[in-house]
There are 2 protein chains.
Amino acid sequence: MASTKILIIDDEQDVIDLLSLHLRKAGFALSMATDGATGLRMAREEAPALIILDLMLPKMPGLEICKVLKTDAATRDIPVLMLTAKAEEIDRIVGLEFGADDYVTKPFSPRELVLRVNAILRRGKGESTEEKKLSIGPITLDPARHHVDVGGKPVRLTSVEFKLLSMLMRRQGRVQERDRLLNEVWGYESIIDTRTVDTHVRRLRKKLGKAADAIETVRGFGYRIREAKR
Amino acid sequence: MASTKILIIDDEQDVIDLLSLHLRKAGFALSMATDGATGLRMAREEAPALIILDLMLPKMPGLEICKVLKTDAATRDIPVLMLTAKAEEIDRIVGLEFGADDYVTKPFSPRELVLRVNAILRRGKGESTEEKKLSIGPITLDPARHHVDVGGKPVRLTSVEFKLLSMLMRRQGRVQERDRLLNEVWGYESIIDTRTVDTHVRRLRKKLGKAADAIETVRGFGYRIREAKR
DNA sequence: CCCGCTTGTCAAAGATGCGTCACGATACGC
DNA sequence: GCGTATCGTGACGCATCTTTGACAAGCGGG
């Protein structure tokens, strides 16, 4: 990995130190900015491969910066990884579509962060793993538009249901055990009951209607989605 | 799940008891150390898959231990899960970051702890040791998707049957005696009747249909699976 | 401020798998 | 060929896991 450059925009020195440590260890080159204006300038000038952006910044809010980044042609294609304080903010980011490519909630585990960074960069190289529509049987899922339909008819899913379904579809055929789903769908901080997964699976099945049986129960392990038939 | 080893470094007996109880129940093998020096030694000698480290230790502070662990080449790659007493310390830990991979604040919920442990271990495995498909004769077994088929046709196996089959297939050609099967399929120290193995082998054969004879009985010893013919 | 939607929790009901047993079948030693 | 040890088979009750429906708290919108 020939030193991919990452730009960090954050005002807290602790966080910067932490990020630096682990990202350096992972073999990345770094730039830092402690305020939004500087961050934007550096993004344009240095053309980093990825930007890590704190949602809470003095003066200019992170979302605003993200918006600008995604508007400017020079920086539009640079993936943005958001740092957010609370899990609740996640939905707003995803929902309002400010263009962030991923997010990590504070406090985060360093390992998780590096993993995400790598994942995003890999995505960029692979040229469209993320934006691609997924479809299995009659179910079609469009990540970009947060949209799902079954047999051509649109289905309204809630945030959790959507994440759950897209997670299952991305890993189609492979069994996802409950706690894994918890970690990936509900995020790093969750301490919720694993039985809750069942409830949401049930709601999903209900909404999927005739395609409900696409989600198979693997007793003693978890759930998986039926393989696409060829 | 063949007994992954976890090292606990903590001086409070209560905490150790609590951790032991739940981690054992979750199927892990454990080692314990009540002080830092011993902990470090054991980490080097036993090469555990994960270390749970209390931040507050007599004599040597947890952070110091973490630092040493992350410096030593022999232990550098072992993930560390920190136990911290107060939420306020989180920021300091994150800020100072001596390389811990995750942390849990006391008092912690057992469920949360086990969840985190599993999550960390999964991460380590995820990228590197991608589970390989196994196939012998007409039988194909895919660990990732919990799927088996015989001559192209899928076969529905239950949890125990699946584990039993994959164990036999991993050790193809070699005879597996009952006790051994009991230990690996049913987990640590199982107290079930050895005849039970027969029952499950029978069920397996039944489900495998025409490929049933792939499992050979070795009278007086146990079972083995036929070598792959080429 | 109220209302509806979303979401996590819980308990009861339902489904499935698992371990055990008894008995018949088979292999092995003599 | 006989007896004994070992293995295969089918049935059965219990335990566990999953499903289901209902409920309440939280949040946002009108």
Side-chain angles (χ1 to χ4, degrees), chain A residues 86-96 146 148 155-165 167-168 175-179 181-183 185-187 189-209 212-225, chain B residues 25-27 109 111-112 115 146 148 155-165 167-168 175-179 181-187 189-209 212-224:
Chain A
K86 296 176 185 179
E88 303 134 33
E89 295 179 11
I90 293 174
D91 292 330
R92 277 173 57 202
I93 296 171
V94 175
L96 296 177
H146 250 252
V148 172
V155 174
R156 253 181 59 99
L157 294 185
T158 69
S159 165
V160 174
E161 287 157 4
F162 186 84
K163 280 188 235 165
L164 183 58
L165 180 61
M167 159 105 187
L168 284 169
V175 173
Q176 305 301 314
E177 46 286 297
R178 286 187 169 64
D179 52 355
L181 288 168
L182 275 178
N183 269 288
V185 174
W186 276 261
E189 279 287 297
S190 66
I191 354 166
I192 63 172
D193 198 322
T194 59
R195 299 279 102 223
T196 300
V197 177
D198 300 8
T199 302
H200 283 277
V201 167
R202 171 174 153 268
R203 288 172 182 154
L204 239 182
R205 282 175 171 158
K206 211 167 190 174
K207 289 195 180 179
L208 291 180
D213 59 346
I215 302 175
E216 295 175 325
T217 304
V218 182
R219 177 171 262 258
F221 292 90
Y223 296 95
R224 78 168 161 212
I225 207 150
Chain B
K25 212 169 66 182
S109 92
R111 195 172 50 211
E112 180 190 9
L115 262 172
H146 245 263
V148 172
V155 175
R156 258 181 58 106
L157 294 186
T158 68
S159 167
V160 174
E161 288 157 5
F162 189 86
K163 279 190 238 167
L164 182 59
L165 180 61
M167 158 103 189
L168 285 168
V175 176
Q176 305 300 317
E177 51 278 334
R178 287 187 166 61
D179 304 350
L181 287 169
L182 277 175
N183 269 295
E184 301 227 8
V185 174
W186 278 261
E189 297 290 325
S190 50
I191 345 163
I192 61 171
D193 196 334
T194 61
R195 306 306 326 286
T196 300
V197 178
D198 300 2
T199 303
H200 284 280
V201 167
R202 172 183 148 263
R203 287 175 181 153
L204 239 182
R205 282 174 170 160
K206 206 168 190 175
K207 290 194 179 177
L208 291 180
D213 58 347
I215 302 175
E216 296 174 329
T217 304
V218 182
R219 199 180 177 81
F221 295 92
Y223 298 94
R224 80 169 160 206

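Just the heavy atoms: all of them, side chains too, but no hydrogens, waters or symmetry mates, feed the values below. All chains are named by letter (A, B, ...) in the order of the sequence lines, taking the proteins before the strands, and each is independently numbered beginning at 1.
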Would you work out how much the helix from C:dC1-D:dG30 to C:dC30-D:dG1 bends between its ends, with each end axis defined by five base pairs, to 10 degrees?
30°
Set of side-chain contact (heavy atoms from CB on, under 4.5 Å) partners for A:K207, sequence neighbours left out
A:V155, A:L157, A:T158, A:E161
Can you measure A:L157 atom CG to C:dT7 atom P for me and round it to whole angstrom units?
10 Å
Distance in angstrom units between B:L204 CG and C:dG19 P, rounded:
13 Å
Quick tally for nucleotides 11-24 of chain D: nucleotides whose base has a protein heavy atom under 4.0 Å get B, sugar-phosphate-only ones S, the rest -, giving B----BBBBBB---
Rounded to whole Å, how long is the line connecting atom NZ of B:K207 with atom C1' of C:dT16?
10 Å
What nucleotide, of C:dC18, C:dG8, C:dC21, holds the atom closest to the side chain of B:S159?
C:dC18
With sequence neighbours excluded, residues passing ring-ring contact (aromatic ring centres under 6.0 Å, His included) with A:Y223:
none
Residues which pass salt bridge (charged side-chain N to carboxylate O under 4.0 Å, His left out) with B:R156, listed by chain and number, not counting sequence neighbours:
none
Whole-Å distance separating the CG atom of A:D193 from the C1' atom of C:dA11
12 Å
side-chain hydrogen bond (donor to acceptor under 3.5 Å, both in side chains) filter on B:T217, not counting sequence neighbours, yields B:R205
Parallel, tilted or perpendicular, judged at 30° and 60°: which one describes the rings of A:F221 and B:F162?
perpendicular
Check the distance between D:dC7's C1' and B:R224's CZ and give it to me in whole angstrom.
16 Å
note: A:L181, atom CG; C:dG8, atom C1'; distance rounded to Å ~ 16 Å
Rounded distance in Å - NE2 (B:H200) to C1' (C:dG17)
8 Å
In whole angstrom, what separates B:I215's CD1 from D:dC7's C1'?
14 Å
Excluding sequence neighbours, so at least two apart, what forms ring-ring contact (aromatic ring centres under 6.0 Å, His included) with A:H200?
A:W186
Students often get this wrong, so: under 4.0 angstrom with heavy atoms, is B:T158 touching a base, only sugar-phosphate, or nothing?
sugar-phosphate
Pairwise side-chain contact, A:D198 with A:R195, heavy-atom cut-off 4.5 Å (strictly under):
yes
Looking at A:W186, does any N or O in its side chain come under 4.0 Å of the phosphate oxygens OP1/OP2 on C:dG8?
yes
side-chain hydrogen bond (donor to acceptor under 3.5 Å, both in side chains) against A:R219, all qualifying residues, sequence neighbours excluded
none
side-chain hydrogen bond (donor to acceptor under 3.5 Å, both in side chains) against A:R203, all qualifying residues, sequence neighbours excluded:
none
